[in-house]
Number of protein chains: 2
Amino acid sequence: MPTPHYGQPRYRLIANQLKERIESGRIPPGALLPAESALTAEFQAARGTVRQAIAALREAGLVATEHGRGTYATPHQHERGLDEGSETETQQRQVAADPELAALFAVEVGTTLMEQQSLARADGAVQTVVRTYRRLPAEH
Amino acid sequence: MPTPHYGQPRYRLIANQLKERIESGRIPPGALLPAESALTAEFQAARGTVRQAIAALREAGLVATEHGRGTYATPHQHERGLDEGSETETQQRQVAADPELAALFAVEVGTTLMEQQSLARADGAVQTVVRTYRRLPAEH
DNA sequence: AGAAATTTGTCCGTATGTATC
DNA sequence: AGATACATACGGACAAATTTC
C-alpha cells in the first residue's frame, strides 16, 4: 500500500467524513461512534491515524470520549445561521415500528423505536430531513 | 520485549494454533475457548495481541464472541448466506409526504418525495435505519 | 435479591520497525 | 532528511455484560 497524501493528510480526510456523518445526523447526538477498531477496518487506516482523526474532532468539540466506553457525538449546533428561528433542528422521540422497520429490526410491528430527526436547511427552507431509527436499549 | 515482525506476526501464530485446536476437535464446536486472560498467560503475549488473533478467527467465521460470556467455536458453519463486504445497503424510492414531512418541506400532504433508506448492520442484525427525505427536482 | 468475580469491549499512551512521499 | 502513514506489540485502566456465589 502506498502512502499518498496529496493535498490533505489521511487523518484529515477521515475526520471530515466523520464530521459529515455527525452533522448530517447519520450519527445522531449522543450516539456512539464506531470503535477505533471498526474505524480502522472501515477506512483501511492504521489505529494511530484514526486516533488522530478523532483527536481532531474532539478538539473541534464535535465529539467527546469516555475512557473504556467510547466516543460520543456531542449535540451539534449549526454555525451556519447563528440566529435560527427557534425551530428544533434536531429532535428525538419514540415511535411505533411500521411494518417495514419491524421487519428490518426483527421486532413486532408497533414496537417502540427511537427516532432521531434532524433537518438541513438552506436559506431557511428545509432541504433534507434525516430520520434515524434504532432499537431501544433492552430492559434487562 | 522487542517487536520484530519478521516472517509472521505473533497474532497470526496464535491464531493458527487456536485454529488447529478447533479444526482438530480439541476445542469442540460450541465449546468456549480459554479466556483472553488465560491465552495471554499461555502465549505470553499482550491482551491486545491475543484479541487480534481472536478477531482473525472471528473474521474467518471459526468462532463467535459474546460480551461478558466468552468466545466459542462456531457450531455449524455453512449456514450463512451472508453479504460479507457490504456494510450498508441503500435503496431509493418515492413516497408520499406524511403531514409532518409536508409541513417541513412546505408542500401538500401526499406530495411525492424522494426517500433514501440505508441500513447499518452488525453481525447481520440491523443496527440503524436511516431515512433521508428530499424534494423531487421541480417538474414544470 | 444482591454482591463479587469473570470476561469481553474500549480507550490511552507508548514503542519499534517498515515504507513511501 | 523529515513528514506521513502503516503494522505490530506492549501494558494499563475503565466500562459493560454475564456468570457465580
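So you know, we letter chains A, B, ... as the sequences are listed, proteins then strands, and number each from 1.
As judged by a 4.0 angstrom heavy-atom cut-off over every strand, B:R12 is placed among residues making no nucleic acid contact. Among the heavy atoms of the strands lying under 4.0 Å from A:G70 are primed sugar atoms or P, OP1, OP2 only; no base atom is included.
Residue B:V50 is the one, among B:V50 and A:E66, whose nearest nucleotide of DNA chain D lies closer to the 5' end (criterion: closest heavy atom). For B:Q44 and A:Y72, each mapped to the nucleotide of DNA chain D holding its nearest heavy atom, the one lying further toward the 5' end belongs to B:Q44.
Residue A:R51 places at least one side-chain N or O closer than 4.0 Å to OP1 or OP2 of C:dG13. Within the 4.0 Å cut-off from OP1 or OP2 of D:dT4, not a single side-chain nitrogen or oxygen of A:Y11 is found. A:T49 has no side-chain polar atom (N or O) that falls below the 4.0 Å cut-off from OP1 or OP2 of D:dT4.
Between B:R131 and A:E100 there is a salt bridge, since at least one side-chain N of the basic residue sits less than 4.0 Å from a carboxylate O of the acidic one.
Taking the salt bridge (charged side-chain N to carboxylate O under 4.0 Å, His left out) definition, one finds that A:R51 meets it with A:E36, sequence neighbours left out.
To the nearest angstrom, C1' of D:dT18 lies 14 Å from CD of B:E36. Atom CD in B:Q8 sits roughly 13 Å away from atom C1' in D:dT8 (whole-Å rounding). Here the C1' atom of nucleotide D:dC6 and the CD1 atom of A:I14 are 12 Å apart, to the nearest Å. Atom C1' of nucleotide C:dG13 and atom CD1 of A:I54 are separated by 15 Å, given to the nearest angstrom. As rounded to whole Å, 10 Å separates atom P of C:dT8 from atom CZ of B:R58. Protein atom CG of B:L32 is 10 Å distant from nucleotide atom P of D:dT20, rounded to whole Å. Rounded to an integer number of Å, the gap from B:Q52 CD to D:dG11 P is 15 Å. Rounding to whole angstrom units, CG of residue A:L39 and C1' of C:dT10 are separated by 12 Å.
Between the side chain of A:H67 and the base of C:dC11, a donor-acceptor pair under 3.5 Å is found.
When the nucleotides D:dA5, D:dC10, C:dT8 are ranked by their closest atom to the side chain of B:R10, D:dC10 comes out on top. If you check C:dC12, C:dT8, D:dA5 against the side chain of A:R47, the one that comes closest is C:dC12. Distance from the side chain of A:R69 is smallest for D:dA15 among the nucleotides C:dT14, D:dA15, C:dG9. Closest to the side chain of A:T65, from the set C:dT8, D:dA5, C:dC11, is C:dC11.
Helical stems involving DNA chain C, defined as 3 or more consecutive Watson-Crick or G-U pairs under 3.5 Å, span C:2-21 with D:2-21.
Hydrophobic clustering, defined by side-chain heavy atoms of Ile, Leu, Val, Met, Phe, Trp and Tyr closer than 4.5 Å, groups A:Y72 together with A:L32.
Atom OG1 of residue B:T71 and atom CZ of residue B:R58 lie 6.0 Å apart, to the nearest 0.5 angstrom. To the nearest 0.5 Å, atom OH of residue B:Y11 and atom CG of residue B:L57 are 11.5 Å apart.
Nearest approach of B:E20 to B:R26, heavy atoms of both residues: OE1-NH1, 3.2 Å. Scanning both residues, B:A45 and B:R10, for their nearest heavy atoms gives CB-NH2, 3.9 Å.
B:R93 and B:Q117 share a side-chain donor-acceptor pair at under 3.5 Å.
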